[in-house]
There are 2 protein chains.
Amino acid sequence: MDPLDPDMFHPGCPSSVMPIRIGDKWSAMIIACLEQGPRRFSELRVPIHRVTPKVLTQTLRALERDGMITRTVHAEVPPRVEYELTPLGRTLLDLIEACRHWSRKHMPTLLAARDVYDHTTQP
Amino acid sequence: MDPLDPDMFHPGCPSSVMPIRIGDKWSAMIIACLEQGPRRFSELRVPIHRVTPKVLTQTLRALERDGMITRTVHAEVPPRVEYELTPLGRTLLDLIEACRHWSRKHMPTLLAARDVYDHTTQP
DNA sequence: CAGAATCCCACGTGATACTG
DNA sequence: CAGTATCACGTGGGATTCTG
């Protein structure tokens, strides 16, 4: 399995602009990262570089609670923990792809409308 | 055109549980309400009964800014303002339907997983 | 009727530092 | 390596009151 692309989530696509969200701020990115197979904690931190460990843990726990991912601790030294999508979690992949598709197709129109609005009102 | 169903958004489906969001908290509901045609401010407040006027205005403005809806003021007494979906806004209907479909199909599984998780950890 | 003005708070998120 | 522990903060959202 290939390593995750560090630039998988380009800063040029800030989530603040994206009008669609799955779960909390980082959930969709995590799920996308797990598409190819199980990943380790540190491995996830590479493409999702702006997330702090605390928040990543938080989000992973929430996803586990909702049955989206499993958390497997391997009794080794050093410790190794792997996260993997459940069948339920996999059902979100289609939805995420639908959101991506919408963004690719309509984000420019949205941003253009926003620009017009911001320029036709008092700056 | 039929009036909006006051129970269109049943309290039994709290948005806190729904893992998918379009825009901010009320955006998707507003867009769904506008599907059949233009609606007035007060008209929107019927099915979306938990929203305060301030927040509704806020959300409508944001949707207008992003080119999702148009706001038309009719010079009458009493004042009449109508909100209507733009073609761009209409593109979100499919996405919303996809989210609804996901919910109908998978929410029970999610809630069941959550129950198990909450009961297998210390209460 | 369709909001505007104020005040306010909780919560999601982040920064930083430390540990089994 | 895979987290915890604190502390802190902005802002999305709400309650209430008032108005053209």
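Quick note on labels: first sequence line is chain A, next is B, and so on, each numbered from 1. Note: hydrogens, waters and symmetry copies are ignored here, and every other heavy atom, side chains too, is used.
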* Structure fact -> Nearest heavy-atom contact between B:Cys33 and B:Phe9 is SG-CE1, 3.7 Å
* **Heavy-atom closest contact (A:Leu85 atom, A:Ile31 atom, distance)** => CD1-O, 3.8 Å
* **Those residues of residues 34-46 of chain A lying under 4.0 Å from DNA chain D by at least one heavy atom** => A:Arg40, A:Phe41, A:Ser42
* To do: Walking along DNA chain C from 5' to 3', note the first and the last nucleotide with an atom under 4.0 Å from a heavy atom of chain A, and give both.
  => C:dT13 to C:dG20
* Asked: What are the two closest non-hydrogen atoms of B:Arg21 and B:Lys25, and how far apart are they?
  -> NH2-N, 2.9 Å
* To do: Mind checking salt bridge (Lys or Arg N to Asp or Glu O under 4.0 Å) for B:Glu43 and listing every partner two or more places apart, or none if nothing turns up?
  => B:Arg39
* Structure fact -> Nt span of DNA chain D in reach of chain B heavy atoms at under 4.0 Å, 5' end first, is D:dG13 to D:dG20
Can you give me every donor-acceptor pair (side chain of residues 99-112 of chain A, partner residue at least two apart or in another chain, under 3.5 Å) with its distance?
{"from": "A:Trp102", "atom 1": "NE1", "to": "B:Thr91", "atom 2": "OG1", "distance (Å)": "3.0"}
{"from": "A:Ser103", "atom 1": "OG", "to": "A:Cys99", "atom 2": "O", "distance (Å)": "3.1"}
{"from": "A:Arg104", "atom 1": "NH2", "to": "A:Glu97", "atom 2": "OE2", "distance (Å)": "2.8"}

* B:Leu44 side chain near B:Leu34 side chain, heavy-atom distance below 4.5 Å -> yes
* **Smallest separation among heavy atoms of B:Thr86 and B:Gly67, with atom names** => OG1-O, 2.6 Å
* Specify the angle, to 10°, made by the local axes at the two ends of the helix from C:dC1-D:dG20 to C:dG20-D:dC1 when five pairs are taken at each end. => 60°
* Under the side chain to side chain contact (heavy atoms under 4.5 Å, CB included) rule, collect the residues that match up with A:Asp115, sequence neighbours excluded. => none
* If we only count heavy atoms from C-beta on, is the B:Pro19 to A:Asp66 side-chain gap below 4.5 Å? -> no
* By side chain to side chain contact (heavy atoms under 4.5 Å, CB included) - contacts of A:Val81 (at least two apart) -> A:Arg71, A:Val73, A:Tyr83
* **Residue whose closest nucleotide on DNA chain D lies nearer the 5' end, B:Thr59 versus B:Pro53** => B:Thr59
* Structure fact -> Residues passing the side chain to side chain contact (heavy atoms under 4.5 Å, CB included) test with A:Thr57, sequence neighbours excluded, are A:Phe41, A:Arg61
* Asked: Tell me, which of residues 72-85 of chain A have any heavy atom that sits under 4.0 Å from an atom in DNA chain C?
  -> A:Pro79
* Asked: Residues two or more places apart in sequence or in another chain: which of them pass salt bridge (Lys or Arg N to Asp or Glu O under 4.0 Å) with A:Glu84?
  -> none
* Between A:Pro47 and A:Met8, what is the shortest heavy-atom contact and its length? -> CB-CB, 3.8 Å
* Got a sec, which residues hit salt bridge (Lys or Arg N to Asp or Glu O under 4.0 Å) with A:Asp24, two or more places apart in sequence or on another chain? -> none
* Asked: Are any non-hydrogen side-chain atoms of B:Val46 and B:Leu4 less than 4.5 angstrom apart?
  -> no
